[in-house]
**Student:** 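Let me give you the structure first, and then I'll get to my questions.
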Amino acid sequence: MTMMRLHRVFQGPRLLPCVRMKHGVAPAGFSRRHFKKDLLSILDSSVTPVTVTEIRQYLREHTISFHDGYSCLHVPSPFTPNKDNLLFIDKTTGRFLCKDSLLEGTWEDFKDSMDLLTKEGSTFLSPDTMTSYLEDSDSEEGERQINNMEMSRIWNKAVWIHDLEEDDAQIIKAMYNISKITNSTLNKFGVKCFQPTKSLVFPWYNPRDFTMKGLKLLSAVCRADVVDYIETLYPRPSHYNNLFGITVMGKKDTEVVITSREVDSLAVYQATGITTVSLPRGISCLPPVLLPYLEQFKRITLWLGDDLRAWEASKLFSRKLNIKRCSLIRPGDKQPSPLKALNLGLNLNKLIKASLPASHKSIISFRQLRSDVFSQLENIDQVAGVKWTRFPELNKLLKGHRKGELTVFTGPTGSGKTTFISEYALDLCTQGVNTLWGSFELNNVRLAKIMLTQFSLLRLEEQLDKYDEWADRFEELPLYFMTFHGEQNIK
C-alpha cells in the first residue's frame, strides 16, 4: 500500500533559525507527524501527478459531494464528525488541507484516508483512530520540546512597542521606517520588539485556536551607509507556512490585499481598513497549503513590492489564486510598496482601486484555451475542414470548408456564380453542414428550384410525378433561407 504522508500543519516549531537575506533562505528545522502502520511506505517515493479531471472523477465515483472553488475543490472533511467542516483539495497539485483538524497531505494520502474510512466502517476518522496512525520519533519529539522552549523564551522576552520608553519606541520605528504605524495597529497584529537585537517580532498564529506556532524576526544590520534587513524564520519555511494577519481576517470578509512583507500589511490595514495578509516567504513562493485560507475572498489584490521581480511574482501568483478574482498593482514611482506609499502620504485606497485586473477581457491565457486546443487535436479532421466530395481541386486550394473562414467568389454576370455556389452548398449540405442562404438577387422560390434540380439530377418539370419524392429528400437537408430580398436597410 502506498504511504500516507499525512501530517499536521501549523504544529509546534523546531527553532533552528532560518535566515533570509535579500535573495536567499538558509534552512532551519521542523518536525512532522506522519501516518504509520500499513499505510506507510517510503518517504522519498515519487508522487504520481494528478489532474483536476481525475480528482473530480474519483469524487463522483465515490459519491463525495464537492464544490468548485477558486483554486480548490471543497469536500466534507472525513476527519471531523461535523460535515459542515470542509476539506480543501488543491486543483493543481491534489494536496489537501482540513482547516478544522489542520491535517494535510497528498492526493494519494486522501485516497488512502477514504480507504481507511471504509475499512473502519465509520462516518469519519475520529481523533482516537487518527492518533493510532500519528506518531513522532523520539528525536523529533525531543527537538519539538527544545524548540517550543526557545520560541517561548523569545516571545516572552519580547515586549510590546507601547511598553517601550517613548524614545526607544521612536528609534525602533525609525529603524524599520514604521514611524507612521500606530501602536494600536501593531498591537492588533501582535507585533513585538525583541530588545537584545532590536528586532521586530511578527507572530504566526494557529488559525484554529489562535495559539502562536511560529515567529519571524526582522533585524536591521548597518553596513557602511547601507541598512540590510535580515529575516529569521522559526521554524524553517520548507516545513511550516502561515499567513501573517490571519487572525485579523474575518470569516465574512470578501476582499483581501496580499503583500510580501509584514510591514506592508500593517500599512495597508492602517490606511484602508481592508483585510490584509503577508506571505511567509515574500515573493519567492506562494505555498499551496495556504490557498484554502484564501478561498473565501472574491477579490484579491496583489501588492507585492516596487520592482520587476515583485511584478512577475504577482502575475505568477494570480494564476495560482484564479486569475479572474485577482487585481495587480504595477510597480512604479507613483505606485511604490504599501509602506513607502504610506510614508509618502499617498492615498492607498485610490492605489488599490486603480489596480489592474489580472485577466483582461480581450486577453486570455493558454490555461483558458487548453481544453479547446485538446478538442481540436482530438478532432483534427473536423478542424481541417469538411472536404467537398465533388470538387477535389477545391479541396487542394481551400483545404475544405473551415469554420470561421469567409470565401468570396467573383465573376462577371452569367459566368455561373450562383450555379456553382448552389452545387458548393449542396455538396456540404448532404454531409450535414448547416447552410444559410442570403440571396438578395434571386428570390427564394427560384433559388430553391435551382438547387432542387441540381440535387435530384433530373428535369423535374418533365417528371412532376417524382417531385414529392425528391422534395421530401431535399426537405431533410440542413438548408435554410433568409427572407431578405432586394434593397434592405443596413441596420
Side-chain angles (χ1 to χ4, degrees), residues 49-56 66-75 86 88-97 99 107 241 243 245-246 249 253-261 264-265 268 272 274-332 335 337-338 348-376:
V50 64
T51 66
V52 68
T53 302
E54 292 170 333
I55 296 173
R56 290 193 186 105
F66 66 90
H67 168 70
D68 242 318
Y70 293 106
S71 53
C72 301
L73 296 175
H74 307 180
V75 303
L86 295 177
F88 298 85
I89 303 173
D90 189 295
K91 292 181 182 180
T92 304
T93 65
R95 293 193 67 87
F96 71 86
L97 168 69
K99 288 174 71 173
W107 173 241
N241 289 290
L243 292 166
I246 198 169
M249 186 188 300
D253 291 341
T254 59
E255 180 180 1
V256 67
V257 176
I258 298 178
T259 71
S260 62
R261 302 187 306 162
D264 284 332
S265 284
V268 170
T272 67
I274 298 174
T275 299
T276 177
V277 294
S278 65
L279 302 176
R281 298 171 64 183
I283 62 173
S284 63
C285 79
L286 170 55
V289 73
L290 299 179
L291 296 179
Y293 295 101
L294 300 169
E295 278 291 288
Q296 73 183 71
F297 299 105
K298 296 180 180 179
R299 173 182 165 85
I300 295 177
T301 302
L302 291 159
W303 196 351
L304 301 184
D306 53 9
D307 58 18
L308 181 60
R309 291 177 63 245
W311 175 244
E312 293 300 323
S314 297
K315 293 187 286 185
L316 178 63
F317 294 168
S318 68
R319 293 198 287 272
K320 275 190 177 185
L321 292 163
N322 191 314
I323 200 168
K324 292 181 180 178
R325 61 171 174 163
C326 292
S327 296
L328 317 178
I329 295 184
R330 183 189 292 273
Q335 296 186 145
S337 65
L348 274 69
N349 270 314
K350 284 187 177 180
L351 293 177
I352 292 172
K353 288 179 180 178
S355 59
L356 303 172
S359 62
H360 192 284
K361 63 180 180 180
S362 301
I363 300 172
I364 57 176
S365 67
F366 177 71
R367 176 175 291 186
Q368 295 163 279
L369 298 172
R370 181 171 177 158
S371 60
D372 292 334
V373 172
F374 179 79
S375 177
Q376 292 208 3

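Counting from 1, the numbers follow the sequence of the chain as shown.
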**Student:** State which residues pass side chain to side chain donor-acceptor pair (under 3.5 Å) with Glu312; sequence neighbours excluded, sorted by chain then number.
**Tutor:** Lys315
**Student:** Residues in side chain to side chain donor-acceptor pair (under 3.5 Å) with Ser318, at least two apart?
**Tutor:**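 Applying side chain to side chain donor-acceptor pair (under 3.5 Å) to Ser318 gives none.
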**Student:** Is the closest side-chain heavy-atom distance between Leu86 and Val75 below 4.5 Å?
**Tutor:**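 With C-beta onward as the side chain, the pair stays apart.
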**Student:** Testing the 3.5 Å rule here: is there a donor-acceptor pair between the side chains of Gln296 and Thr254?
**Tutor:** no
**Student:** Apply side chain to side chain donor-acceptor pair (under 3.5 Å) to Arg261 and list each qualifying residue two or more places apart in sequence or on a separate chain.
**Tutor:**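 Asp264.
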**Student:** Side chain to side chain donor-acceptor pair (under 3.5 Å) with Ser337: which residues, sequence neighbours excluded?
**Tutor:**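 Testing Ser337 for side chain to side chain donor-acceptor pair (under 3.5 Å), a comparison that skips the adjacent residues, returns none.
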**Student:** Less than 3.5 Å apart, any donor N or O on the side chain of Asp253 or Thr275 sitting next to an acceptor on the other?
**Tutor:**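 Judged by distance alone, the side chains do pair up.
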**Student:** Would you say the side chains of Ser355 and Arg299 form a donor-acceptor pair under 3.5 Å?
**Tutor:**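 Side-chain D/A pair, Ser355 to Arg299: present.
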**Student:** State which residues pass salt bridge (Lys or Arg N to Asp or Glu O under 4.0 Å) with Arg56; sequence neighbours excluded, sorted by chain then number.
**Tutor:** Asp68
**Student:** Apply the test ring-ring contact (aromatic ring centres under 6.0 Å, His included) to residues Phe88 and His74: give CA-CA distance (whole Å), side-chain angles for both, the deciding distance (0.1 Å), then the verdict.
**Tutor:** CA-CA 5 Å; Phe88 298 85; His74 307 180; 4.8 Å; yes
**Student:** Do Thr259 and Ser278 have side-chain atoms, one donor and one acceptor, less than 3.5 Å apart?
**Tutor:**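 There is no such pair (donor and acceptor under 3.5 Å, judged by atom type) between the side chains of Thr259 and Ser278.
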**Student:** Just to verify, what does Ile274 make a side-chain contact (heavy atoms from CB on, under 4.5 Å) with, not counting sequence neighbours?
**Tutor:** Glu255, Val257, Thr272, Asn349, Ile352
**Student:** Report yes if some heavy atom in the side chain of Cys72 is under 4.5 Å from a heavy atom in the side chain of His67; otherwise report no.
**Tutor:**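 No, their side chains stay 4.5 Å or more apart.
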**Student:** For the pair Glu54 (side chain) and Thr51 (backbone), establish whether a donor and an acceptor sit closer than 3.5 Å, ignoring hydrogens and angles.
**Tutor:** yes
**Student:** Measure across Ile258 and Leu304 and return the closest heavy-atom pair with its distance rounded to 0.1 Å.
**Tutor:**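 Smallest heavy-atom distance, with atoms named: O-CD2, 3.6 Å.
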